[in-house]
Amino acid sequence: MDNSEVSARLYKMAEMLEFQGENPFKIRAYIKAARNIKNLDEDVNKIFERGELEDIPGVGKAIAGKVEEMLKTGTFEAYERLNIQIPVDVGKLMEVPEIGPRTLQLLYQHLGVESLEDLKEAAEAHRIRRLPRMGAKQEERILNALKSLDERSKLNRIPIGRALPIAEEIQNTLDANPHIQNVVAAGSIRRRKDNVGDIDFIATSTNQKNAIYAFTHMEKVQEILGEGTTKGSIIYDGNIQVDLRIVNEESFGSLLQHFTGSKEHNIRLRDIALSRGLRLSEYGFTDQNTGNLHPCRTEEEVYRTLGLDFIPPELREDRGEVEAALSVNMPHLITIDDIKGDLHVHSNWSDGKNTILEMAEAARGLGYSYIAICDHSKSRAIAGGLSEKRLIEHVSEIETINEEFDDFRVLSGVECDIKANASLDYSSDILEGLDLVIAAIHSGFNEDRKTLTKRMVSAIENEHVDIIAHPTGRLLGERDAYELDMNAVLQTARDNNKVLEINAFPERLDLNDINARSAKEMCISLAINTDAHHTSHYKYMSFGVDVARRAWLEPDDVVNTLELDKLCKLLGIEKH
DNA sequence: GCCGTTTTCGGCCCGACTGTTTTCAGTCG
């Protein structure tokens, strides 16, 4: 069993214990252990072999014993026993909003509900409303939850590229309202996750009731989920949940911190607070002895009070940032201002919309020192891929354009297909004549892991290849990453000194934060490129930088933060 | 079930909202 399988079984155990009404702290202990095992950098089998299971945070004697049992037999006795005792599909049923362990227990004992079908039947027959603590409204909520479960699960998470414009639209609406001040998008949007489950806003107000009312009655609100005095919750146009929380100005920093999350990060902070005799909530710190509340106006104050360096929102995932902040060892994250150029852009020579000159002038206007024009190679006929002859003409046009600039350079490149037989789309002597070769897989995504990995590895090993574009091929919300042995890819890139791309196009964001961080840890350089097919696409660079920040990248980890001469030296490009 | 910068026992993250309640339990994030 690997880490995620062990973790999944512990989670399931927690669910079953919860159904049985066990001590909530025991349940939390299982969840904590499951989470920590899932987040381990190392294979849990190796830790077991060293006899160090109990060194994993949240794993004590009892759970270590169960993990050991699992690693040896694939399961553990206490789990099997409960699994037989409980006929109810706890996992599926607890996924239904409104259904928690207590309600599920009630439904099972009185109505014999064991499955989603049973639940639907009981609700439709109006049998739920007669149960203690239940009523007609509760029954209707459950029915609605069941109905929306299907729809929601299809679009449960939204790519950040789609969520951000919606967040901006709502922000503008709220900003225009006289009752609402200091509107900030918090939550996973502020952490710049590549996809978000909902959009969270916080704000201050001189008239809270009116502020919440205005929020829940915006033009594009489809449904009001909740409406209190400090919090409103809605479904917005496009089936996206949006929450707004109102707070006093003196607690603004505490609230922003709380609502930015992540949940795991906040739990860590509250833990640290408790060890200092403080209780942390969205209102501030409460001294456990005196009961006095100290609200924080700024987030900086929250972290300072805990004895921590400030932690940028993008890092708040409980992936080591708390430890880094404790030891004053925070990375100096890359920012958009560090970017000196874009090494993957297209022109109208293939499927881009602008001329090479237009792409160059637009980039220069952004303050860049260079771009690499990487139009498609000949196999991508559908995208106007360049024949050998056209590629050579393309290079000479770039040379002509370069004569017009003394403070800017267009590099001649190509986005070269890695073909099904793992060879590249041009011969070596053609590739040799280019400043930069980016290789990418654009076909045969459905091949097996071994074949795809082999294609990728041999491309990386090719001496002419400089950068691998969008290495996993995912399209957010459309297509999963293809089967790839990422470890093999990373090792080959490291051994051959090749650069991997963080493709900033909002549908791609590929490599993602996790893989990019693994690359950094293996000392592999990255490039953040927009893959622009139009001058307006240069703005996507910020999405790529967001991914890089979530991957803990610093300017030195990214090649296109280099000045032109250093970049040329690194990539072996002749100076003209 | 886990854990210890006052603790090997007695804590364990915290608060908003809702519905069915007259003081709270359950769910959610």
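The chains referred to below are lettered A, B, ... by the order of the sequence lines, with proteins before strands, and numbering in each begins at 1.
For the P atom pair drawn from B:dG15 and B:dG10, the interatomic distance equals 24 Å after rounding to whole Å. A distance of about 13 Å separates the P atoms of B:dG4 and B:dT8, rounded to the whole Å. Between B:dT20 and B:dA25, the two C1' atoms lie 10 Å apart (nearest whole Å). Remark: the separation of the P atoms in B:dC14 and B:dC9 is 24 Å, to the nearest Å. The separation of B:dT23 from B:dC17, taken at their C1' atoms, amounts to 16 Å, rounded to a whole angstrom.
At a threshold of 4.5 Å between non-hydrogen side-chain atoms, the residues A:Ile37 and A:Leu10 count as touching. A:Leu116 is not listed as a side-chain neighbour of A:Asp89, based on a closest heavy-atom distance of 4.5 Å or more.
Counting non-hydrogen atoms under 4.0 angstrom, A:Thr229 reaches the backbone sugars and phosphates but no base. At the heavy-atom level, A:Tyr283 lies under 4.0 Å from the strands shown only through sugar-phosphate atoms. Residue contacts for A:Pro97: at a heavy-atom cut-off of 4.0 Å it reaches the sugar-phosphate backbone alone, with no base atom in range. Looking at heavy-atom distances under 4.0 Å, A:Arg276 makes no contact with the nucleic acid at all. At the heavy-atom level, A:Ile27 lies nowhere under 4.0 Å from the strands shown.
Candidate nucleotides B:dG15, B:dG26, B:dC12 were compared by shortest atom distance to the side chain of A:Leu274, and B:dC12 ranks first. Side-chain atoms of A:His258 lie closest to B:dG29 of the nucleotides B:dG29, B:dG1, B:dG19. Which of B:dG19, B:dG29, B:dA16 sits closest to the side chain of A:Lys263 comes down to B:dG29. Side-chain atoms of A:Ala62 lie closest to B:dC2 of the nucleotides B:dT27, B:dC2, B:dG15. In the set B:dC2, B:dC17, B:dT20, B:dC2 carries the atom at the smallest distance from any side-chain atom of A:Ile63. Among the nucleotides B:dC14, B:dA16, B:dT27, the one closest to the side chain of A:Lys231 is B:dA16. For A:Ala29, the listed nucleotide lying nearest its side chain is B:dG1; candidates were B:dG1, B:dT27, B:dA16. With B:dG15, B:dG26, B:dG1 as the choices, the nucleotide that has an atom nearest any side-chain atom of A:Arg102 turns out to be B:dG26. Nearest to the side-chain atoms of A:Pro101 among the listed nucleotides B:dG15, B:dT27, B:dG1 stands B:dT27.
Checking A:Lys66, A:Glu80, A:Glu69 one by one against A:Thr75, the side-chain hydrogen bond (donor to acceptor under 3.5 Å, both in side chains) holds for a single residue, A:Glu80.
No salt bridge links A:Arg191 with A:Glu314; every basic N to acidic carboxylate O contact stays at or beyond 4.0 Å.
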